[in-house]
Amino acid sequence: MPIIQPGSTVLVTGANSFIGIWVVRNLLEKGYRARGVVRSEHKADYIRELFSEYGDKFEMVVVEDITEEGAFDEAVKGVDAIEHTASPVIMDADDPQILIKPAVKGTIGILRSALKSGSALKRIVITSSIAAIQLQNETPRPLTFSETQWNDAAVALVDKLGWNAPGISKYEASKTLAEKAAWAFVKEHKDQIKWDLVCINPSFVYGPCLHDVPTPDDLNFTCWEWYMARCWVDVRDVAEAHVLSLETPEAGGERIIICAESWFTHSFPVDIASRLSPPPNSWTRSRGAPRASISHMIKYDTSKAARIFGIKYRNMEEITRDSLADFERRGW
């Protein structure tokens with residue numbers, strides 16, 4: 001029997017984010033009730049309109065500062081599960097704490113609220129990242145990374161260089177520290193909690209947008225650099241993994257990599273886009289190098305996700321086609 005079943009109420013933090021809004025949609029389409037968390041009424045208005053057809057099955061809660069003590073105390077009351085997707089994705093921050101503080105405090109804050117006020121809770125799913133596992137390969141040979149590994153190197157680098165650390169390292173450190181804090185909290189309070197924890201570790205997430213993006217300047221990081229095609233997965237498959245994490249008993253207590261395929265250069269999606277018929281108006285780049293010339297220096301072991309979830313991932317052609325169609329629909 002599933003841990004969480006349709007009809008249950010699920011809290012989704014970061015409900016206006018690239019991933020979070022797809023999680024909300026997936027939940028509603030599958031018959032769940034969803035309670036979305038955003039940081040302002042202005043952000044809530046767009047989502048209320050988007051999911052208005054679901055009536056009272058969808059509600060919004062405003063939490064202005066997720067780092068405040070007790071910020072989620074009211075939001076968690078009466079929910080059966082939590083999908084915590086809220087965490088900053090900023091690649092040009094000067095101060096590492098711009099990412100680390102909300103990532104760690106937001107994660108610990110919702111777990112504390114769950115412990116204190118979430119009497120009906122059965123499971124919490126946290127959106128971590130492969131950034132908490134490893135994004136760099138400093139060796140001359142290909143490496144495969146799995147859920148057993150942690151990106152402690154990024155944390156050490158940010159500790160050493162502070163503001164001078166690379167932007168991507170600051171992000172990696174924030175995701176690593178936040179996920180480690182979550183597992184430490186569960187271990188510390190194992191005799192008190194009545195719910196279990198799942199951490200989803202997606203690779204670079206691409207695909208069409210549901211969230212409010214009035215102009216291309218409002219696109220999130222991965223949508224901006226979609227054609228660079230790092231190790232990737234479709235946002236809709238990530239949302240599906242989040243819902244399966246609620247339903248699948250075997251997911252409890254696990255961190256799970258969600259990745260459709262390994263690292264590519266930008267030539268792969270560029271070539272796909274160039275082959276689409278009719279060619280999309282939003283695409284003007286020429287073809288890249290042959291894919292056969294690419295050496296995969298980083299791979300991820302996705303056997304755990306295959307065993308627990310059995311997800312059939314969308315391919316890069318679907319991501320490319322649907323992403324460019326989304327840009328055209330928006331008049332870009």
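Around the NZ atom of Lys101, the shell of radius 6.0 Å holds no more than 12 heavy atoms that belong to other residues, nucleotides or ligands. Residue His42 places its NE2 atom among 12 or fewer non-hydrogen atoms of other residues, nucleotides or ligands, all under 6.0 Å distant. By the 6.0 Å contact criterion, CD on Gln192 is enclosed, its count of non-hydrogen atoms from other residues, nucleotides or ligands being greater than 12.
Under the 3.5 Å distance criterion, the side-chain polar atoms of Ser52 are matched with a main-chain donor or acceptor of Glu49. A donor-acceptor distance shorter than 3.5 angstrom exists from the side chain of Ser40 to the backbone of Lys43, with no hydrogens or angles considered. Of the possible donor and acceptor atoms, none in the side chain of Thr9 sits under 3.5 Å from a partner among the backbone N and O of Val79. Checking side-chain atoms of Glu147 against main-chain N and O of Ile257 turns up a donor-acceptor pair under 3.5 Å.
Each of Ile258, Val23, Ile126 was scored for a side-chain contact (heavy atoms from CB on, under 4.5 Å) with His242, with one residue passing: Val23. Of the candidates Lys122, Arg35, Lys194, Asp80 forms a salt bridge (Lys or Arg N to Asp or Glu O under 4.0 Å) with just one, namely Lys122.
Following chains of ILVMFWY side-chain contacts shorter than 4.5 Å, one can reach Phe58 starting from Val243, so the two form part of one hydrophobic cluster. Taken together through direct or relayed side-chain contacts under 4.5 Å among Ile, Leu, Val, Met, Phe, Trp and Tyr, Leu28 and Ile47 form part of one hydrophobic cluster. Leu11 and Leu115 fall within a single hydrophobic cluster, where Ile, Leu, Val, Met, Phe, Trp and Tyr are joined by side-chain heavy atoms under 4.5 Å apart, directly or via other members. If you chain together hydrophobic residues whose side chains sit under 4.5 Å apart, Val233 and Leu244 fall into the same group. By the criterion of side-chain heavy atoms lying less than 4.5 angstrom apart, applied directly or through intervening Ile, Leu, Val, Met, Phe, Trp or Tyr residues, Val238 is not grouped with Ile124; the two fall into different hydrophobic clusters.
Arg112 has a carboxylate O that lies under 4.0 Å from a charged side-chain N of Glu69, or vice versa, which qualifies the two as a salt bridge.
Closest of all the heavy-atom pairs between Arg123 and Ala251 is NH1-CB, 3.9 Å. Considering all non-hydrogen atoms of both residues, Gln5 and Ser8 come closest at O-OG, 2.7 Å. Of all non-hydrogen atoms in Trp195 and Leu111, the two that sit nearest each other are CH2-CD2, 3.9 Å. For the residue pair Phe185 and Ile108, the shortest heavy atom distance occurs at CB-CD1, 4.1 Å. In plain terms, the two heavy atoms of Ile3 and Leu246 that are nearest each other are CB-O, 3.3 Å. In terms of heavy atoms, Ala93 sits closest to Leu99 at CB-CD1, 3.4 Å.
With a 4.5 Å cut-off on side-chain heavy atoms, Val37 and Ile66 do not count as touching. Under the 4.5 Å side-chain criterion, counting only non-hydrogen atoms from C-beta, Tyr32 is in contact with Ile4. With a 4.5 Å cut-off on side-chain heavy atoms, Tyr54 and Glu29 count as touching. Side-chain contact check for Lys299 versus Cys259: every heavy-atom pair is 4.5 Å or farther apart. In this structure, Arg39 and Glu64 have side chains that are not in contact, with every pair of non-hydrogen atoms separated by 4.5 Å or more. At least one side-chain heavy atom of Ile130 sits less than 4.5 Å from a side-chain heavy atom of Cys231. Counting heavy atoms from C-beta outward, Met60 and Val38 have side chains that approach closer than 4.5 Å. Two residues are said to be in side-chain contact when any heavy atoms from C-beta on lie closer than 4.5 Å; Asp95 and Trp163 meet this criterion.
Within the model, atoms CD1 of Ile311 and CG of Asp237 stand 6.5 Å from one another, a figure rounded to the nearest 0.5 Å. Here Ser303 contributes atom OG and Ile308 contributes atom CD1; the two are 9.5 Å apart, rounded to the nearest 0.5 Å. The OG1 atom of Thr85 sits 8.0 Å away from the CG atom of Asn16 when rounded to the nearest 0.5 Å. Taken from CD in Glu250 to CZ in Phe309, the straight-line distance is 9.5 Å, to the nearest 0.5 Å. One distance of note links CG of Asp94 with CG of Asp92; it measures 7.5 Å at 0.5 Å rounding. Taken from CG in Asp65 to NZ in Lys105, the straight-line distance is 9.0 Å, to the nearest 0.5 Å.
Using the six-membered ring where Trp is involved, Phe204 and Tyr206 have ring planes that are parallel, under 30° apart on the 30 and 60° scheme.
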| said: Could you walk me through whether Glu318 and Asp234 satisfy the side chain to side chain contact (heavy atoms under 4.5 Å, CB included) test, starting with their C-alpha distance in whole Å, then the side-chain angles of each, then the deciding distance to 0.1 Å, before giving a yes or no? | reply: CA-CA 9 Å; Glu318 290 178 84; Asp234 191 289; 5.5 Å; no
Could you check Arg314 against Asp322 for salt bridge (Lys or Arg N to Asp or Glu O under 4.0 Å), going step by step and ending with a plain yes or no?
CA-CA 11 Å; Arg314 289 170 173 82; Asp322 294 348; 5.4 Å; no
Report the C-alpha distance between Ile21 and Leu50 in whole Å, list the side-chain angles of each, state the deciding distance to 0.1 Å, and finish with yes or no for side chain to side chain contact (heavy atoms under 4.5 Å, CB included). CA-CA 10 Å; Ile21 200 166; Leu50 182 66; 3.5 Å; yes
Report task. For side chain to side chain contact (heavy atoms under 4.5 Å, CB included), just list the numbers for Ile100 and Lys170, CA-CA rounded to whole Å, side-chain angles, deciding distance to a tenth of an Å, and then say yes or no. Result -> CA-CA 8 Å; Ile100 293 172; Lys170 296 169 188 174; over 6 Å; no
Under 3.5 Å, side-chain donor or acceptor atoms of residues 172-180 against the rest of the protein: list the pairs with distances, not counting sequence neighbours.
| residue | atom | partner | partner atom | Å |
| --- | --- | --- | --- | --- |
| Glu172 | OE1 | Asn151 | ND2 | 2.8 |
| Ser174 | OG | Tyr171 | O | 2.7 |
| Lys175 | NZ | Thr127 | O | 3.0 |
| Thr176 | OG1 | Glu172 | O | 2.8 |
| Glu179 | OE1 | Ser128 | OG | 2.6 |
| Glu179 | OE1 | Asn201 | ND2 | 3.1 |
| Glu179 | OE1 | Arg255 | NH2 | 3.1 |
| Glu179 | OE2 | Trp183 | NE1 | 3.0 |
| Glu179 | OE2 | Arg255 | NE | 2.7 |
| Lys180 | NZ | Asp152 | OD1 | 2.7 |

